[in-house]
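Contents: one structure, followed by commentary.
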There are 2 protein chains.
Amino acid sequence: MSAEDNLLKLVEVEEPDDQDYLLQEQVGFILRKAHQRHVAIFAAHIGDLTPPQFAALAKLRDVGETSQNQLGTLIAMDAATVKGVIDRLKARGLVELSKHEVDKRRLLVNLTAEGRDAIERLIPQAREITKETLAPLSAKEVTTFMKLLAKLA
Amino acid sequence: MSAEDNLLKLVEVEEPDDQDYLLQEQVGFILRKAHQRHVAIFAAHIGDLTPPQFAALAKLRDVGETSQNQLGTLIAMDAATVKGVIDRLKARGLVELSKHEVDKRRLLVNLTAEGRDAIERLIPQAREITKETLAPLSAKEVTTFMKLLAKLA
DNA sequence: TTGATATCATTTGCATACGAATGAGTTTTC
DNA sequence: GAAAACTCATTCGTATGCAAATGATATCAA
């Protein structure tokens, strides 16, 4: 191989073209898979509630009664999505709705007694889910990962 | 406040019970938000194709003709989901379907000329999307993050 | 060879997820 | 105080994502 060929090869290696795009190495693709794995772990522990439904209950426990819209902001769900989630929780008697007396646009959401019981009972399970999701990492790796993931979210 | 009260308070603080579950610090919740952010970045760059549709085209470019099921395995989609994705790509003329001659159960999928053009044209955009998604991290952090994320996925 | 098992694809049902449009009510601004 | 701008909630349409059931075909094992 001539010196020119070597130079050419170096240039090719250092300037990857379209041939080198590997789907399975892209953040988006791996992020999607990691999320899928988490959802599967969640479902294995808590079969009768989805992660978004759990998030809604957990946040209501934190903040108490709020408007549907505000709740959506707190759990990163758009208005259309949060409505569906709350509808299903209401149908199961875990939350109750009421109208804001002053601002008539707002729909207030709150836990029912049953909803409060449910979320208190589920929180230990949720800790377990977090633990299992992070199980492939060492304690130190967990700290690092959470710090970096938070920067991306 | 009595000494006993102080002791009680300390115990409560140092042995977090259910009161201390913070949704916004759980992996699953942040993972969901990071994924949402990535999808938004994707949509801003590539408006007429979703990440799963892109993944299907990119993988077909890598491996050439495969069965629908096999493609699903390669891009981490279950059979029901991959069918919908392929249906929509077919309706747009980006992939074509044919029957496997030997194994009559299999439905073969391949890029059309148009599909191949599309994916080649989109790959530079996809690099940009990956770059923008990872923009909050330094080069060193990216390396660390990708290594740990891969362990979780 | 045939009966049990496994695989591939499809369909149905349910649950996010989000853009866009709409209607009702509130706040701002001039 | 009236018009403009904004906010809250709802609805519609489209696209994942997965469990479960089904039908067609292949493969394995007795």
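Computation of the quantities below employed the complete heavy-atom set of this structure, encompassing side-chain atoms and omitting hydrogens, waters and symmetry-equivalent molecules. Numbered from 1 within each chain, the chains take letters A, B, ... in sequence-line order.
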Determine the minimum heavy-atom distance between Ala76(A) and Gln36(B), stating which atoms define it. O-NE2, 3.2 Å
What integer distance in Å separates His35(A):NE2 from dA15(C):C1'? 13 Å
Do the side-chain N or O atoms of Gln53(A) get closer than 4.0 angstrom to the phosphate oxygens (OP1, OP2) of dT16(C)? yes
What nucleic acid atoms does Val102(A) come within less than 4.0 Å of, heavy atoms only: base, sugar-phosphate, or nothing? sugar-phosphate
Using whole Å, report how far CG of Asp87(A) lies from C1' of dA9(D). 11 Å
Between dT10(C) atom P and Arg88(B) atom CZ, what is the distance in whole Å? 13 Å
In whole Å, what is the span from the CG atom of Asp78(A) to the P atom of dT16(D)? 17 Å
Phosphate-side-chain proximity, Gln36(B) and dT16(C), N/O vs OP1/OP2 below 4.0 Å: no
Considering every strand and a 4.0 Å limit on heavy-atom distances, what is the contact class for Val39(B): base, sugar-phosphate, or nothing? nothing
Nearest whole Å is fine: how far is dT10(D) C1' from Met77(A) CE? 17 Å
Ion pair check, Arg61(A) and Glu120(A), cut-off under 4.0 Å: yes
Distance below 4.0 Å between Thr50(A) side-chain N/O and dT16(C) OP1 or OP2: yes
In whole Å, I'd like the distance from the CG atom of Asp48(A) to the P atom of dC14(C). 16 Å
5'-most contact on DNA chain C (nearest-nucleotide basis), Arg106(A) vs Leu108(B), goes to Leu108(B)
Phosphate OP1/OP2 of dT10(D): any Gln68(A) side-chain N/O under 4.0 Å: yes
Send over the distance from His38(A) NE2 to dT16(C) C1', rounded to a whole Å. 14 Å
Ionic contact status for Asp62(B) with Lys59(B), cut-off 4.0 Å: yes
To the nearest Å, give me how far apart CD (Glu101(A)) and P (dT26(C)) are. 13 Å
Give every residue pair that meets the salt bridge (charged side-chain N to carboxylate O under 4.0 Å, His left out) criterion with at least one member in residues 130-141 of chain A, sequence neighbours excluded. Glu141(A)-Lys151(B)
Side chains of Pro51(B) and Gln26(A), heavy atoms from C-beta outward: is any pair under 4.5 Å? no
For Val109(A), answer base if it contacts any base atom (sugar-phosphate contacts may also be present), sugar-phosphate if it contacts only those atoms, and nothing otherwise; contact means non-hydrogen atoms under 4.0 Å. nothing
Hey, which sits more toward the 5' end of DNA chain C by its nearest nucleotide, Arg105(A) or Ala80(A)? Ala80(A)
